[in-house]
Each structure stands twice: as structure tokens, then as C-alpha cells.
Number of protein chains: 2
Amino acid sequence: MTIRELARICGVAVSTVSRAMNDRSDVNPETRARIRAAAERHGYVPNASARRLKIGTTQTISVVIQGELGQLLIEVLEHLGLAFADAGYDTVLSHVAEQHATAGTVERIVREGKFDGVVFLGRYGSADREASSQLSRRLAEIDVPMVFCTTPDYSGAASLHSSISVDDQTGAYELTSHLIAHGHRRIAFVGGGTERDGEHAWALRLAGYRAALGAAGISFDEELVVPSVLPDQLYTMRNGYESVAQWPGSGIPGDVTAIMAVCDAAAVGAARALSEAGRRVPDEVSLVGFDGLDIGKYHVPRITTVAQPLAEIAQSTARVLLATMREPDRAIEQVWIRGRVVEGESVRLLT
Amino acid sequence: MTIRELARICGVAVSTVSRAMNDRSDVNPETRARIRAAAERHGYVPNASARRLKIGTTQTISVVIQGELGQLLIEVLEHLGLAFADAGYDTVLSHVAEQHATAGTVERIVREGKFDGVVFLGRYGSADREASSQLSRRLAEIDVPMVFCTTPDYSGAASLHSSISVDDQTGAYELTSHLIAHGHRRIAFVGGGTERDGEHAWALRLAGYRAALGAAGISFDEELVVPSVLPDQLYTMRNGYESVAQWPGSGIPGDVTAIMAVCDAAAVGAARALSEAGRRVPDEVSLVGFDGLDIGKYHVPRITTVAQPLAEIAQSTARVLLATMREPDRAIEQVWIRGRVVEGESVRLLT
DNA sequence: CTGAAAGCGCTTACAG
DNA sequence: CTGAAAGCGCTTACAG
């Protein structure tokens, strides 16, 4: 069913049908009603491609997620969907599998013109820092509005794209301070990556951890930073599990009284590894995560964490992207939203 | 950058550019190389809408998920993405928030012509059975190939759409038999819905549970079926938790030795509720889930479950949909794929 | 192997 | 308030 067929059925011109379908004011209310009734009856929906070609807008935002799809990103995605729907946009997830995560794939998605705006969620580009930075610069040359959510844009010194994230560093600082206030001094950081470049979420969390130790006069011990054995799957249970299970040297040092995992999922995995090693949480080892997901909430013991304000992060992302769509030359902005420490049952008070 | 501009830059006709970009054989290899190099240099990517309008194919499959986005569906989505990519199709998730889950929304997504095929994943339609059935019949009239994955199509007696799912009933049968073989006879089923219409995954699992009891000569006790207190969020930790915490009557009967949760997530929630009630798993109560997700794997104790062959389910879904796209009048088929009981640490052998 | 032209289904000035 | 016509950016017979 095309607009021409419907026009013939209704005995009007295609332009009139178009006006009726688009709720233009310059059409007789009765004509409008008649046409819309006929459209409904025949299941006519304007062809999105033709409309887009003519009008230059798809009313669709793409959310690009690369690699693993964790619960955190999924929840942000849900909130993004709601926020964009409020503004009249459809949201569509373009998931790029790890295998296909090349600059070309990402660039094609953006350039094809299927979308009015793009949100890069969680991660993008390759592990190679230079390649990611180059992708970021290439993307900046495409005139499709885009924004980065829960990930920096890796473009180097001067940011080329706006980004919205939880304030990882402050959150980790507060969480570490919480542990310190409970008497812990030998605190391990588990499951981060290896390049300490300060832009990844885990690196910012590590920086916050370090700063809190420093503020409390506790010396930083490189031995207590246990990097992930699965750098491609940082934010997973498996990462937390394997990283603790394969603790370098002769296993978990006996004097470690608390472990900070890179996220809640990793904390749950770490808890399992600790259990297998015969170390009880929190009686023998305290444990904290990051994110505030259900997985930590229903864990026994409930994991103390920093809850990310996901709805707020999503709304802020939508706001920045929509503003950039209206005003392409708008200034780049980096938004950091504070999380909140949520006490669970996984931290023991040392006396 | 349009095809016309690129044609002028290269000093050829637009038709030649088109041929070069589409890898047609009837173009001079040198011309082709020159054009493609120029396209790369200028970041030219053919406009997807114009292409689609002309050619009638988007090379894009939409996966529609309605309401909650759980880990199981996400993993199926990842596998679907890989399977369709192998066939040269992009996959896009069109998530429909619970608030917007009307027949109109779904129908619009399908009719707009943005997609060559549609996979309904996990659930669709409203809670109202009649409305869902009506939607199913309306969808059947749209000539976009579609298939249902991990959900039946609710169209009533005669199926109007193909569907691919794990064999829920057999899985639950085997899992229940596993419990019975371990000496359990008072086994509760926790977290299912209320309408026992036999089509939902949970209802099929309940049917399998019941059949296994019958086969073992254990009488079915309605009291041991504890329906969800959160019918809209069946496959969540929260459902398992609340359903056990708010067990009807005077709480968990003392003679219940095992609980079968509607899925792994619910089992984890149930475990937390049991812990709060002072009942240890598996020492005092055994517990099983369904799905085979990481959440159960890293739980302490590891949850005994039925692992769904997600890759196989996704591949089968892609195969059926692609076949339907090639051959629209192809027969409807219902595919049930067997899962596999995976023993964890959550079932105690009663002696 | 290459080019000129028609047309996919829409929307939007432009007339009336 | 309605209609006829142009054109969005492509692809594909049809000629050459």
C-alpha cells in the first residue's frame, strides 16, 4: 500500500493524503479523518525510506554498543529509549560484535544516514589506544551529531565529542574512604585493565581508590592492584572470579582485609572465588563493587557499592545529544554525574 | 557527499559510481578502484534511505523486545547479530518500553518498511490474551517476514508464525526428575504467572514439573505452586525474591525440601529470601533454576539448572527467518530445542 | 565497459 | 482547503 493507492481509494491527491498523515493544519478536518480512517483500515504506514529521503530526518537515534552487553549498559539503554521517546525519537540499538568492531563498521553505521543522532554507549574502538583516538577524530568529521555515554571519547588531549558518565573517580574515592572509615588499610583493587591511561572507567576508579588511600595517609602498594586476566571482559562476573582465583604470586595476601572490585558483577565473581578459597565475606574479607545493580542487591551478603544514577545519566545524554542536533556548533561538554555509596552487608567494621 | 558529487569528482556518470560501489562485474577494474578510493577519501557512503527506496531491501533485521531486558534475551540478541551478520544483514534492536507496548507501536515498526525481517524476542503483545492473539493475527497480514524467538505467537489454535524456543517442558521435566532422583518429593514451583494457558515459557516449565511428578507417582499439590507477586517481571531476581519472601499462608512450608524457580535469576532472588528466612541452600532446601546463565554459575552455591543452547536457538531463528524471506509462502514451523541439565551445588541428596 | 533516463514513495513549495 | 509538479539520492534496464 503506497500513498498513491490510498489517494485513489480516497479520491484525493497524494499531496492531500500526505498532509492528512502528517497532521498538517491546512487540511479539512473531515478529509483528514476520512483519509486516516482509510489508512488505518488498509494498514497504510508511510514508507520510512521515502520519507527520510525527502525530509532528511529519520526520527531515529542509534545507540552503538560494542562487544559485551552487560546489565548496566542495558539499563542505560532502556532509560535512553524513554528519554528519546519523550522527544519523539525512536531508539535503536546497533550492536557491534567484538569480531566486527572495526573503525569501518562504526563509520558506516554513522554515515549511512539512517540516524539523526548517535550515542556511543559503554565502549567503542579497539584496544589499541592510537587506533581509537584516530577513529574518534574521523568520527568528528562526520556531521551526524554524536555523544559518548559512560565512556570517554579517547580523542586525546582536546575532547572532540561530548560525553556523560558517572563520576567514577569520586565514587571510588568515597567507597574507598568508606572502607578506610571501617578500619581497613590493606585494600586490594581487583579486575582493572593494564594500561593506566586515566580515561577508562576502571582507570578512573583506580585513581579514586588511590587518592583516597593517599588522603588517609595509607601508602599505595602496587602489589595490591590485581589487574584483570580477561581485559576484554572487564565488567563481568567471570573477570572478578578469574582475577581473584588467579591472584598473582602465592594467592590472596593474608593481610588483605578488603577488596574493591571494578564493578558489581566482578564483585560477585570475586565473592565466588573467595568462597572457593575458603575466605568468608565479610567476616574475613570485606568486598565492595561499583554500579548498584540488582546482582549485588540480591547477593548474600548484599554488596556495598556506588549506585550509578542511570536514569539521570541517560536523560543527560539525551539532553546533550538533542541540543547538539538542534545546534551543531554547540560547545563540547563533559558531564560527570555523582553516584551514591549504598551500604550493603559486605563490609565488616574492623575494631 | 552524494553520488552525484562523487561522480563529478571522478569524471564519470553516477551510474558508473553506483556500479563501482555495488561491486558489479560490468565495470572496468581500474575505474572501480579509482572510484572506491575517492569514496574512501571523501567518506562517501551511499545513502541508505535512497538505496532502500530503489532497491526494496534494507539488509536490516529488527529484533523487537518488549518490556524488561534480561540477560537471557541479551545473549540471544548477541547470537542473532552474529548469525544475521554471516548472511549479510545488520541487526538492530527495537526495544519497546512497557509503557509504549501497544499493538499500534509494534505494527508501525513492522510496516514502516525499515526492515527486511523481524524477530520478536522474549515477549510481545499485552498481558491480555485476547489482545495478544488479535495482534498476532494483524501481524500475520503484514507481508514482512517475521519469526518468534523464545516466545510462542499466541495466535490461538493454529499457529500463524514460526517460532523457535528451548524445549521448556522437557527441560523442566528433566530438572524435576533430577530432584526426585535425589530423594525430593515435596517440591515447590516458584515465580510463575497466574494464567495457566500453556503457552508461556513459565507455563510450559510448570507443565514439565507436573508431568515429572506424575511420572514418579507424586501427587500434585496446588499449595506448592507459588505464583509470582510480580507478573510483569517474571524473569528477574526481584520476582524470585518477593515470591519467596511473600509466600502465601504461614510462609515456606516446613516439609518442602526443594524449590524450582521459574529461571536462574528468580532462583538467585529466591536464594536471598531463603537466606533471610534462615533456610540454608542446599542443606535445608534444595534449589534449581532454568536458563544456565552466569548469574547461577557464579552463585554460591552454584545453581543447578537447565542450560539453554542459546547459540543454537539464535542460529535456528536466523535460519527460519532467512528462509521465510526467500520463500514467503514457506510452511510455518515450531522448533523446540532441547536444553541440558547442568548440575551445580544447590541440590542436596536426601537419604 | 559507460552514460542518459526513468522511477522507487514520499513531501513541499507553488498555484489556484 | 486541494492539486499538479519537482525533486530527495539512489539503482537498473536500455542504448551505445
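Residue numbers begin at 1 in each chain, while the letters A, B, ... track the order of the sequences.
Heavy-atom distances to DNA chain C give each of Pro29(B) and Lys54(B) a nearest nucleotide, and the one nearer the 5′ end belongs to Pro29(B). Comparing Arg32(B) and Leu53(A) against DNA chain C, the residue whose closest nucleotide sits nearer the 5' end is Arg32(B).
Annotated stems with DNA chain D as a participant read C:1-3 with D:14-16, C:5-12 with D:5-12, C:14-16 with D:1-3, given as range with range, by first number; only runs of 3 or more Watson-Crick or G-U pairs under 3.5 Å qualify.
Side-chain contact between His161(A) and Phe120(A): absent, with no pair of heavy atoms (C-beta onward) separated by less than 4.5 Å. For the pair Leu160(A) and Arg137(A), the minimum side-chain heavy-atom distance is below 4.5 Å. Taking 4.5 Å as the limit, some side-chain heavy atom of Ser165(B) sits within range of a side-chain heavy atom of Trp336(B). Leu77(B) is listed as a side-chain neighbour of Leu93(A), based on a closest heavy-atom distance under 4.5 Å. Asn47(A) places none of its side-chain heavy atoms less than 4.5 Å from the side chain of Ile3(A). The shortest distance between side-chain heavy atoms of Tyr89(B) and Asp116(B) falls below 4.5 Å. The side-chain heavy atoms of Thr60(A) and Lys114(A), taken from C-beta on, include no pair separated by under 4.5 Å.
Between Ile164(A) and the options Thr151(A), Val119(A), Leu321(A), Ile337(A), a side chain to side chain contact (heavy atoms under 4.5 Å, CB included) holds for only Ile337(A). For the side chain to side chain donor-acceptor pair (under 3.5 Å) test with Arg51(A), the passing option among Thr57(A), Thr58(A), Asn22(A) is Asn22(A); the others fail.
At the heavy-atom level, Thr31(B) lies under 4.0 Å from the strands shown only through sugar-phosphate atoms. At a threshold of 4.0 angstrom between heavy atoms, the contacts of Ile3(B) include nucleobase atoms, whether or not backbone atoms are also involved. Among the protein residues, Asp26(B) comes within range of the nucleic acid bases, having at least one heavy atom under 4.0 Å from a base atom. At the heavy-atom level, Arg24(A) lies under 4.0 Å from the strands shown only through sugar-phosphate atoms.
In this structure, the separation between CD1 on Ile313(B) and NE2 on His79(B) is 9.5 Å, given to the nearest 0.5 Å.
A salt bridge is defined here as a Lys NZ or Arg NE, NH1 or NH2 lying under 4.0 Å from an Asp or Glu carboxylate O, and Asp23(A) with Arg36(A) meets this definition.
Within a heavy-atom distance below 4.0 Å of DNA chain C, the residues of residues 4-23 of chain B found are Val12(B), Ala13(B), Ser15(B), Thr16(B), Arg19(B).
Put simply, chain A comes within 4.0 Å of DNA chain C, heavy atom to any atom, from dG9(C) to dA13(C), going 5' to 3'.
Nucleotides dT12(D) and dG16(D), compared at atom C1', are 16 Å apart to the nearest Å.
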